[in-house]
Amino acid sequence: EDTTDVFQLLDKAEKNLFDITKGNISRMVQDMGTMVSEAYKQIEQARMQLALAEQDLMLRAAQAYFDLMLADENISVAQAQLVAVNEQLVLAERNYAVGTGIITDIYEAKTKRGSAQSQLIAAKNERVSKLAELDKMLGDNPMEGESLKPVRLAQSLPQMKDIQLK
């Protein structure tokens with residue numbers, strides 16, 4: 001007669017169940033370890049992407065600021081050209097009035113004045129465009145009145161505080 005002890009059968013079944021569970025748990029721990037490792041890699045990658053995006057933003061903001069400064073200089077140049085052309089017109093009119101100049105000089109000076117006026121308008125429009133770009137990037141208007149505020153840019157870009165801006 002084959003009599004098997006019930007307790008031995010239960011022990012054997014329990015041992016088999018424990019072995020199966022132990023195998024599943026160790027696979028899950030290995031899988032979790034792999035997932036944690038992957039998560040750390042993704043976090044590090046996200047940090048690098050954030051640092052790159054911050055650097056890109058600083059570079060674009062600085063470029064927009066310098067473009068705005070250049071637009072201001074272009075306005076100054078256009079205003080100086082307009083003053084010079086107006087002086088040429090006054091001189092041409094005087095010369096014509098005293099008989100030493102010709103009417104063509106007056107027309108030429110008026111044409112140059114119109115060109116200088118259009119260049120000034122174009123320079124002002126360019127400044128408005130550059131200011132809008134900077135405003136869009138920084139989220140608020142960095143300008144109050146007509147003068148540039150370098151401190152505003154330095155506050156927006158803490159890493160650039162050491163750079164002396166005009």
Side-chain angles (χ1 to χ4, degrees), residues 27-166:
R27 273 194 307 253
M28 288 182 357
V29 167
Q30 288 173 350
D31 290 344
M32 284 183 193
T34 303
M35 287 190 298
V36 168
S37 176
E38 286 296 318
Y40 279 128
K41 288 177 186 177
Q42 290 175 354
I43 289 170
E44 187 59 30
Q45 184 180 14
R47 284 185 182 149
M48 287 190 278
Q49 288 174 343
L50 176 63
L52 184 62
E54 287 173 345
Q55 288 176 352
D56 183 54
L57 176 62
M58 285 188 290
L59 183 66
R60 288 185 299 122
Q63 183 63 49
Y65 181 78
F66 293 131
D67 287 347
L68 183 59
M69 288 175 56
L70 179 62
D72 280 342
E73 289 299 317
N74 288 341
I75 288 173
S76 297
V77 168
Q79 288 171 335
Q81 286 177 338
L82 184 59
V83 168
V85 169
N86 280 334
E87 289 175 5
Q88 286 178 344
L89 177 59
V90 168
L91 182 62
E93 288 172 343
R94 280 189 203 152
N95 286 341
Y96 181 74
V98 295
T100 59
I102 56 175
I103 193 74
T104 309
D105 292 340
I106 294 173
Y107 294 145
E108 183 179 344
K110 285 182 179 181
T111 302
K112 286 181 182 178
R113 181 179 62 183
S115 176
Q117 288 171 335
S118 68
Q119 288 174 353
L120 179 59
I121 291 169
K124 287 180 179 181
N125 286 341
E126 182 69 13
R127 183 184 188 281
V128 168
S129 172
K130 297 301 179 183
L131 180 59
E133 287 178 32
L134 187 60
D135 179 36
K136 180 179 176 185
M137 193 172 302
L138 297 180
D140 60 0
N141 193 337
M143 302 293 297
E144 304 258 339
E146 289 296 316
S147 63
L148 286 175
K149 296 180 107 179
V151 176
R152 177 68 184 113
L153 180 65
Q155 289 170 347
S156 297
L157 303 171
Q159 292 81 357
M160 295 185 65
K161 282 184 179 177
D162 297 332
I163 298 175
Q164 178 91 18
L165 298 175
K166 180 180 175 187

Q: Search all heavy atoms of Ser118 against all heavy atoms of Ser115 and return the closest pair with its distance.
A: OG-O, 2.7 Å
Q.
How long is the straight-line distance from NZ of Lys110 back to CD of Glu93, given to the nearest 0.5 Å?
A. 6.0 Å
Q) Of the non-hydrogen atoms in Ala71 and Arg127, which two are nearest, and what is the gap between them? A) CB-CA, 3.6 Å
Q) Got a sec, which pairs hit salt bridge (Lys or Arg N to Asp or Glu O under 4.0 Å) with one end in residues 55-67, sequence neighbours left out? A) Asp56-Arg60, Asp67-Lys130
**Q.** side-chain contact (heavy atoms from CB on, under 4.5 Å) against Ser37, all qualifying residues, sequence neighbours excluded
**A.** Lys41
Q: Work out which heavy atom in Ala61 is nearest to a heavy atom in Leu138; give both atom names and the distance.
A: CB-CD2, 4.5 Å
Q.
Using side chain to side chain contact (heavy atoms under 4.5 Å, CB included), reason through Glu54 and Leu50 one step at a time and then give a plain yes or no.
A. CA-CA 6 Å; Glu54 287 173 345; Leu50 176 63; 3.9 Å; yes
Q) Going from CG on Leu131 to NZ on Lys136, what distance comes out if it is rounded to the nearest 0.5 angstrom? A) 14.0 Å
Q) Just how far is it from atom CD of Gln79 to atom NZ of Lys124, taken to the nearest 0.5 Å? A) 6.0 Å
Q: Apply side chain to side chain contact (heavy atoms under 4.5 Å, CB included) to the pair Val98 and Arg94, showing each step before the final yes or no.
A: CA-CA 6 Å; Val98 295; Arg94 280 189 203 152; 5.9 Å; no
Q: Identify, with sequence neighbours excluded, every residue that meets side-chain contact (heavy atoms from CB on, under 4.5 Å) alongside Glu44.
A: Arg47, Met48
Q.
According to salt bridge (charged side-chain N to carboxylate O under 4.0 Å, His left out), who are the partners of Glu108, at least two apart in sequence or on a separate chain?
A. Lys112
Q) Which residues satisfy the side-chain contact (heavy atoms from CB on, under 4.5 Å) test with Tyr96, sequence neighbours excluded? A) Ile103, Ile106
Q.
Under the salt bridge (Lys or Arg N to Asp or Glu O under 4.0 Å) definition, can you give me all pairs with a residue in residues 81-92, not counting sequence neighbours?
A. none
(Q) Once rounded to the nearest 0.5 Å, what's the spacing between atom CG of Leu120 and atom OG of Ser76? (A) 10.0 Å
Q. Considering residues at least two apart in sequence or located in another chain, which fulfil the side-chain contact (heavy atoms from CB on, under 4.5 Å) criterion with Asn86?
A. Leu82, Arg113
Q: Mind running side chain to side chain contact (heavy atoms under 4.5 Å, CB included) on Asp105 and Ile102 for me, showing each step along the way?
A: CA-CA 6 Å; Asp105 292 340; Ile102 56 175; 3.7 Å; yes
Q. For Tyr107, does its backbone N or O pair with a side-chain atom of Thr111 as donor and acceptor, under 3.5 Å?
A. yes
